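Presented below is the structure to which this report refers.
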Amino acid sequence: MDNQLQTSERFKPPKTRRDFLGLLAAWSAIAAFVMAILGAFRLPMPSVFPESDSRAKLGKPKQFTVGAQTYFAKQRLWLYRDEAGFHALSSVCTHLGCIAERLDDGQFSCPCHGSKFDEAGRVKGGPAPKGLIWVELSVSPEGWLVADTLKEVTPGTKLLA
Amino acid sequence: MAETDMKNQPSDAKPSEAKPSGRAIGEPGAVRDFAGNLAGTPRTFRQTLIRHGTPTSDRAKSQAVFTNFFLHLLPTRTHLHAIKATTTLGLGVATLVLFVLLCVTGVLLMVYYKPSVEGAYGSMLDIMHVVPTGNLMRNVHRWGAHAMVACLMLHMARVFYTAAYKSPREFNWVLGMLLFVVTLGLSFTGYLLPWDQLAFWAVTIGANIAQSPQELTDALGVTSVFDVGRMQKEVLLGAHYVGQEALIRFYVLHVMVLPIVASILIAVHFWRIRKDGGLARPASADTADSGGAATADMTPALKTYGLMAVMKDKTPVVNREMRNTIMTWPNVIYVIGAVTMVTTLAMLVLGMWFDAPLREMANPAVPENPAKAPWYFLGLQELVSYSAFMGGVGIPAIVVLGLALVPYLDREREDVGVWFSGAQGRRVTLGSMVFAVLVVVGMLWFTVRNGWLRNWEATAHVPQIVITFFNPGTVFVLLFALWSVAVVKITRSTRMGAIALFTCFLVGFVILTYFATVHRGPNWDFYWSQAEWPVH
Ligand code: HEM
Ligand code: FES
């Protein structure tokens, strides 16, 4: 009779200390399991990248005359030198990563979904959510002009030559 | 051979096989027995393997299904409705057959394929030109993948329009949605492996879609603290650009992780079909010749009653199971065999006649123009050309979640197992088709002609967030939702609303896919046909 009562759905036995301990055990087991899984899934998140040395020497500053506009295919960037100094624009489209083509008038146009950017990389049309990236430039101790393709600077920033 | 009994022992076992133990080693009888056993081994092996001969009686036929590991997936008797061609159109089985074909051809390709940036493209060329039957296997693998996605979508549409997702099959529908996502994942990860231009650029675009939540976090100004987009891309690629790390990751997902997940999900999918009482069928399928009234709340026939005997609950209706059913062996086996043969044959013929394409080797410096994904992703690619985040993440998530919730939002019990749930459903389907065609074609026409916010003087400088939430894609989805709500209001039926929504999405998918396949060319510009593409 007792057994039958217990298995009936309508009979809810009062909570006891044992239930409490049981629940505690069950939940700590679940928590431990979840933590273990989270720990395991930390693995695919890389902490070192194959491109970890994303800096590249572009040349000596004096190689580039004022007004020079040079493309570096491997780094996918355009290097400009004007009176104010150097700056570099990444040609990687901010929409979905195709390579924007620089037209004769200095503007950019992306072949993949038709994003358009002006000479300074500002969005002119198409789906790109933001302007082309201004890549960080610096001069190394040995006097090389170095670009770090994974670092960006505020548009308009120029490296004094 | 005579039919077997429940103990599965060959009834014609020779007395010598069941020899009494206790004979001393070395007695001459043992050697004779050994010789006899050896001679009889082919027969006894067959008996232990198959355990019965060709079954003739109903009982033996039931046994044939019940005691076989592979066949016991099926009930021993099957409802007539389930093998009517118009019930399933054979689509679920065809999807399964394609999955198996893909596993087989895939393992064969693995024998030669090298998942490395230097080796991958070369091994594809080897497979195509040097490996015996390599080209055929590759073709079957490629066309099979396309066909599996097609059958999967048609299967889903069949389940939807026959209202087979309703109680008690809600969860199986959810499992189906998971299978849908996993199958698309399989195809996306497979796309990179040939390492040709198309693979490289389509996957670059895909990986950047994973990064596109930045569009939203940038607008909210929280990217620096909470950059999900970047995390997703880094986990997917193991790097900042598509390269060796990405190739290995995609390979592991494609040949190990996703096939295993899919196999497990398929097994559970099938198990649920049995536990849910076989395929959904209308009440009329039972009343037809049985005479007895069948009501919706009766325990479905063909359910496994094992546990019902040991608990207190409603007693299942007995003796109804036999009505309108046929022996699974051999009838259902024939049907499944026929679908298997037709599907396999179709793939072989496709594979012999048409070669799967392979472009030039991947070149990270020059984008493929246009870089089109496989056809089933092209609709998304069109949406992505309005907003990367909404088209690539937002709208797909809404569609998948929305579809997964359908059985929980529409709980009407009538007309299960009836195509379109009857005449009203057919009208709603037609009406929704017309509506969706007008909306999608109209929006595409408008966008191609006039562009969108950025192309207009007054709105040229609206912030990105406005475009993210207000673009041709979100307008479709909103109009579809409003239409479906209107249908629910007018028909006072959630089933009709569900039909309206599903039809709109289906039509939208078909038109966008067609449009992006045929009318989008270089720079994602509009062209009437590929003949008009500029040549350079
Ligand atoms: C790898 C993918 C899949 C395989 C191999 C598969 C296979 C099957 C098979 C063999 C059946 C038996 C009936 C038939 O042949 O149509 C079935 C039924 C069913 N499938 Fe799938 N399926 C898959 C994906 C899906 C998807 C994407 C959905 C929906 C979201 C889905 C939902 C269902 C439901 C609810 C049933 C029960 C239908 C009924 O009772 O009439 N399945 N599936
Ligand atoms: S990737 Fe440049 S517009 Fe889409």
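Note on naming: letters A, B, ... go to the chains in the order of the sequence lines (proteins, then strands), and numbering restarts at 1 for each one. Quick caveat: nothing in here was measured; it's all calculated off a predicted structure.
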Could you tell me which portion of B:Gln244 (side chain, backbone, both or neither) has an atom closer than 4.5 angstrom to a non-hydrogen atom of chain A? neither
Going by heavy atoms in the side chains, are B:Ile205 and A:Cys98 under 4.5 Å from each other? yes
Using a 4.5 angstrom heavy-atom cutoff, name the option from B:Arg520, B:Gln211, B:Arg249 with the most pairs to chain A. B:Arg249
Which atoms of B:Phe389 come close to chain A, meaning under 4.5 Å heavy atom to heavy atom: side chain ones, backbone ones, both, or neither? neither
Kindly determine whether A:Lys130 and B:Glu215 satisfy side chain to side chain contact (heavy atoms under 4.5 Å, CB included), including the steps that lead there. CA-CA 9 Å; A:Lys130 57 185 181 195; B:Glu215 212 175 297; over 6 Å; no
What residue in B:Leu236, B:Val384, B:Val366 has the most heavy-atom pairs under 4.5 Å with chain A? B:Val384
Could you check whether atom OH of B:Tyr527 has more than 12 heavy atoms from other residues, nucleotides or ligands sitting under 6.0 Å from it? yes
Kindly compute the distance separating CD (B:Gln381) from SG (A:Cys112), expressed to the nearest 0.5 Å. 8.0 Å
Just so I know, are the side chains of B:Pro364 and A:Lys74 near enough to count as touching, which here means a heavy-atom distance under 4.5 Å? no
Straight-line distance of B:Trp201 CH2 to A:Leu96 CG, nearest 0.5 Å: 11.5 Å
So for A:Cys110, is it side chain, backbone, both, or neither that comes closer than 4.5 Å to the heavy atoms of chain B? backbone
Contact between B:Glu245 and A:Phe49 at the side-chain level, heavy atoms closer than 4.5 Å - yes or no? no
Distance in Å, A:His95 NE2 paired with B:Trp524 CH2, rounded so as to fall on 0.5 Å steps: 10.5 Å
Close approach to chain B in residues 36-47 of chain A, criterion heavy atom under 4.5 Å: A:Pro44, A:Met45, A:Pro46
Look at atom NZ of A:Lys60 and say whether more than 12 heavy atoms of other residues, nucleotides or ligands are closer to it than 6.0 Å. yes
In terms of heavy-atom proximity below 4.5 Å to chain A, should B:Asp218 be classed as side chain, backbone, both, or neither? side chain
Mind ranking B:Ala219, B:Ala239, B:Ser212, B:Ala388 by heavy-atom pairs under 4.5 Å with chain A and telling me who comes out on top? B:Ala239
Would you please test A:His113 and B:Tyr386 for side chain to side chain contact (heavy atoms under 4.5 Å, CB included) and show each step? CA-CA 9 Å; A:His113 314 97; B:Tyr386 310 138; over 6 Å; no
What option among B:Lys372, B:Gln214, B:Glu234 has the most heavy-atom pairs under 4.5 Å with chain A? B:Glu234
Above 12 or not: heavy atoms from other molecules or residues under 6.0 Å from CZ of B:Phe226? no
The interface call for B:Ile467 against chain A, heavy-atom contacts under 4.5 Å, is neither
Heavy-atom count around A:Arg102 CZ within 6.0 Å, excluding the residue itself: above 12? yes
Among B:Gly206, B:Ser385, B:Ser387, single out the residue with the greatest number of heavy-atom pairs under 4.5 Å to chain A. B:Ser385
Return the minimal non-hydrogen interatomic distance between A:Pro111 and B:Pro367, and the atom names on each side. CG-CG, 3.8 Å
